[in-house]
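Below is one structure; the comments refer to it alone.
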Amino acid sequence: MEEQLRFRYEVDGDNFTSAGEASVSVKKKLRQLGFAPEIIRRVSIAMYEGEINMVIHAHGGRADVVVSKDKIEITLDDDGPGIPNVELAMQEGFSTAPDNIRSLGFGAGMGLPNMKRYTDTMKIQTELGKGTKIIMTVNI
Amino acid sequence: MTVNEFAKVLELEQLNIADGDRKINGAYAGDLLSWVMGRTAGDNVWVTIMTNLNICAVASLADVACIVIADNAEVMKEVTDTAKNKNINLLRSPLPMYELCVNINKVI
């Protein structure tokens, strides 16, 4: 693959039942491009967790996926409240999700840990009251 | 074992069969969606009592072979419709999760 492929998605913050559409779309595209199932699985899960986080905490946001020769980069960018304590948020089981979200099976405190687990690199830039930007890469 | 064989031997209700020939390579049980995504392996059977629409996205993204709803938990039409649209194998059993998992362990 000589050139980069770029995909951009707007993540709707009001529709919880459709959350994941961007991730499912990326999964389909990666499958069409012939990537190995485990690479697709890692990208899909990491991106889905990010999407869900944006819906739960930030009223939506934007997702950019860039496929290049040696890696897939996923950037999730929102205008939400920011993460007060990133170290705490990275701990498995820590969650600030409300009860109605937990009743749907989310809010297990595994979102950010899963994003880290399934990617090769993950950077979090967050500012209280401004938003959060997460950049993840999966090596091909 | 394929999903078709699995459904038949455990007498599971077939809410949607999208790919009955898909091979199964293990099983995972759980209801917390991120926990499931973090722990399940591709081509696993996923046993849960969670029946909201998000299970379809999780099954698709985590690439599980099939979802098995335990305890005859009610599944809304929009969930079976989405399973059809997203090519997800969706099965159901009247057994509680523990008994169902014990039986699954005997056949896979």
Side-chain angles (χ1 to χ4, degrees), chain A residues 11-12 15-31 35-53 55-56 63 74 89-95 97 100-119, chain B residues 18-19 22-26 28-71 73-90 97:
Chain A
V11 177
D12 182 356
N15 192 346
F16 207 86
T17 53
S18 71
E21 280 183 355
S23 309
V24 171
S25 171
V26 166
K27 184 189 171 186
K28 277 185 195 157
K29 287 191 164 78
L30 294 179
R31 188 178 277 167
F35 282 102
E38 191 54 27
I39 294 281
I40 297 173
R41 198 175 117 83
R42 289 172 59 203
V43 170
S44 302
I45 291 175
M47 186 169 164
Y48 182 61
E49 293 284 16
E51 254 192 274
I52 292 294
N53 274 351
V55 174
I56 293 174
I74 308 142
M90 287 302 299
Q91 287 180 11
E92 288 193 3
F94 178 82
S95 175
N100 64 322
I101 298 297
R102 289 172 195 263
S103 70
L104 291 171
F106 293 105
M110 291 291 290
L112 287 170
N114 272 353
M115 289 157 75
K116 188 172 175 63
R117 179 195 301 244
Y118 282 116
T119 55
Chain B
D19 179 7
R22 184 156 178 185
K23 297 276 188 197
I24 289 168
N25 78 345
Y28 191 85
D31 302 317
L32 293 173
L33 303 184
S34 291
W35 196 276
V36 171
M37 281 195 291
R39 299 290 200 277
T40 185
D43 298 320
N44 271 188
V45 169
W46 172 27
V47 185
T48 183
I49 53 164
M50 193 60 77
T51 59
N52 66 60
L53 199 51
N54 301 105
I55 62 170
C56 293
V58 168
S60 174
L61 297 167
D63 210 19
V64 299
C66 62
I67 306 172
V68 187
I69 305 296
D71 252 329
E74 186 181 0
V75 178
M76 305 294 278
K77 185 176 178 297
E78 64 175 341
V79 175
T80 49
D81 287 347
T82 303
K84 282 174 190 152
N85 291 336
K86 291 189 174 171
N87 296 321
I88 294 162
N89 294 317
L90 182 60
M97 195 184 277

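Order of the sequence lines sets the chain letters (A, B, ...), proteins ahead of strands, with each chain counted from 1.
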May I ask you to list the residues in residues 40-47 of chain A that approach chain B closer than 4.5 angstrom, counting heavy atoms only, ordered by number? A/R41, A/S44, A/I45

Can you tell which of B/G42, B/S60, B/S34 has the highest number of heavy-atom pairs within less than 4.5 Å of chain A? B/S34

Most heavy-atom pairs under 4.5 Å with chain A, out of B/G38, B/A57, B/G30, belong to B/G38

Nearest-0.5 Å distance that lies between atom CG in B/D63 and atom CG in B/N44: 10.0 Å

Contact list (residues 45-54 of chain B to chain A, heavy-atom gap under 4.5 Å, by number) returns B/M50, B/N52, B/L53, B/N54

Side chain to side chain contact (heavy atoms under 4.5 Å, CB included) with A/N100: which residues, sequence neighbours excluded? A/P98

Among residues at least two apart in sequence or on other chains, which ones pass side chain to side chain contact (heavy atoms under 4.5 Å, CB included) with A/S95? A/A97, A/R102

State whether the number of non-hydrogen atoms from other residues, nucleotides or ligands found under 6.0 Å of A/K116 atom NZ is greater than 12. no

So do the side chains of [X] and [Y] get within less than 4.5 Å of each other, counting heavy atoms only?
{"X": "A/E92", "Y": "A/R117", "value": "yes"}
{"X": "B/I69", "Y": "B/I55", "value": "yes"}
{"X": "B/K86", "Y": "A/V24", "value": "yes"}

Closest heavy-atom pair and its distance - [X], [Y]:
{"X": "A/P113", "Y": "A/G109", "answer": "CG-O, 3.7 Å"}
{"X": "B/M97", "Y": "B/A29", "answer": "SD-CB, 4.0 Å"}
{"X": "B/R39", "Y": "A/Y118", "answer": "N-OH, 4.4 Å"}

